[in-house]
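One structure below.
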Amino acid sequence: MKPAPFQYYAPKTIAEAVALLARLAPEDGRVLAGGQSLVPTMAFRLARPRHLVDINGVAELARLAVEDGKLCIGACVRHAAFHHPVVQGPLGKLLSEIVQHIAHHPIRTRGTFCGSIAHADPASEWCLVAAALDAEMAARSARGTRIIPAREFFAGIMTTALQEDELLTEVRLPLLAPDTRFGFYEFNRRAGDFAIAMALISYRLKNSVMVEPRLALGGAEAVSRRLAQVERLLEGRAPTAETFAAAAEAAAKAADPLDDENISADYRRGLVRTVVQRALERATS
Ligand SMILES: Cc1cc2nc3c(=O)[nH]c(=O)nc-3n(C[C@H](O)[C@H](O)[C@H](O)COP(=O)(O)OP(=O)(O)OC[C@H]3O[C@@H](n4cnc5c(N)ncnc54)[C@H](O)[C@@H]3O)c2cc1C
């Protein structure tokens, strides 16, 4: 099937893009980034935007830079940019490891980091990273720019705090201290499929105990989020099998899993236990 008819716009600057969105968003105008989520839904006519504001020609949005201790990822930076570490240290390694789990190579060459965040699929790996690391989202509109913290940004399945006329211009991730350890584990049926459950842990090891733990869960719930009660359990404890098992159990209890005709909440809860345990085990290696 072909998409329903739409008007196409190709701004060259952020100012032009937000001016177009101010005018067209109320008439069902949408941003087109990599098109890897939007275009298939248009082809199936599940989405019928009347106007598409294509941001791919906005050179300012291709920015990938470190500023004030943060990695700033512009709206046109593709998933594939992370195939190799974009910064030295654990953050670069973490992103280059996780990107391998996103779809397949051709999709990664078009799809964008910010597009994933704006789309807010519960199974998006970048949404999990954003939640775990307390990312900041820069949202620009004709009214100006506002910074939205990750915990306020993700509001539900494919629902965010972005207003219809706001352009997500960049996402900022804090650089990680050089001694940060991280572990990621994702469960899906086939490589490249969306995650049914995944977990990301990071912590620092001081005097043989874990400090500053961050544990986030994705895929299993409507929104990726940090599990504060599990982090409290890890803080100040040695990274032992016993602690990991207790943390995995606590995560399974704390989870509020999605339930649908294909995958039950009970099955997902069991997966939460497994992915948390395995992410923790990976962080020690
Ligand atoms: C077969 C297949 C498998 C996939 N597997 C995975 C996977 O395993 N993990 C995963 O995370 N993703 C997966 N994806 C989705 C892919 O990562 C998309 O690239 C991503 O979700 C959206 O990014 P995009 O740049 O393509 O956005 P688009 O498709 O262009 O846009 C998606 C939505 O976000 C909005 N939007 C985009 N950018 C902005 C912005 N800067 N500001 C405001 N709104 C914006 C658009 O208006 C639209 O509503 C898969 C896609 C396909 C087709």
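Remember, it's 1-based here, ligands and their atoms both numbered in the order they're listed.
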message = Using a plain distance cutoff, I'd like to know if T112 has any nitrogen or oxygen under 3.5 Å from a nitrogen or oxygen of ligand 1.
response = yes
Side chain to side chain contact (heavy atoms under 4.5 Å, CB included) test vs V66 passes for just one of L91, V86, V87, namely V87
Looking only at non-hydrogen atoms, the one of G34, G219, S116 nearest atom 20 (C) of ligand 1 is S116
So, does R50 use its side chain to make a donor-acceptor pair with the main chain of R30 at under 3.5 Å? no
The single option from R204, R214, K93, E212 that satisfies side chain to side chain contact (heavy atoms under 4.5 Å, CB included) with T180 is R204
G192 heavy atoms within 4.0 Å reach ligand 1 at atoms 5 (N), 8 (O)
Here the atoms of ligand 1 under 4.0 Å from any heavy atom belonging to H101 are 8 (O)
Under 4.0 Å between heavy atoms, the region of A75 that gets near ligand 1 turns out to be side chain
Closest to atom 34 (O) of ligand 1 by heavy-atom distance, out of M137, Q163, M198, H119, is H119
Review point. Does ligand 1 have an atom that lies less than 4.0 angstrom from a heavy atom of I102?
Key: yes
Checking heavy-atom distances from atom 44 (N) of ligand 1 to each of C127, A118, P49, the winner is A118
Per-atom filter on ligand 1: closer than 4.0 angstrom to a heavy atom of L168 are 40 (C), 41 (N), 42 (N), 43 (C)
* Close N or O approach (G35, ligand 1; < 3.5 Å) -> yes
Any heavy atom of I107 under 4.0 Å from ligand 1? The part involved is side chain
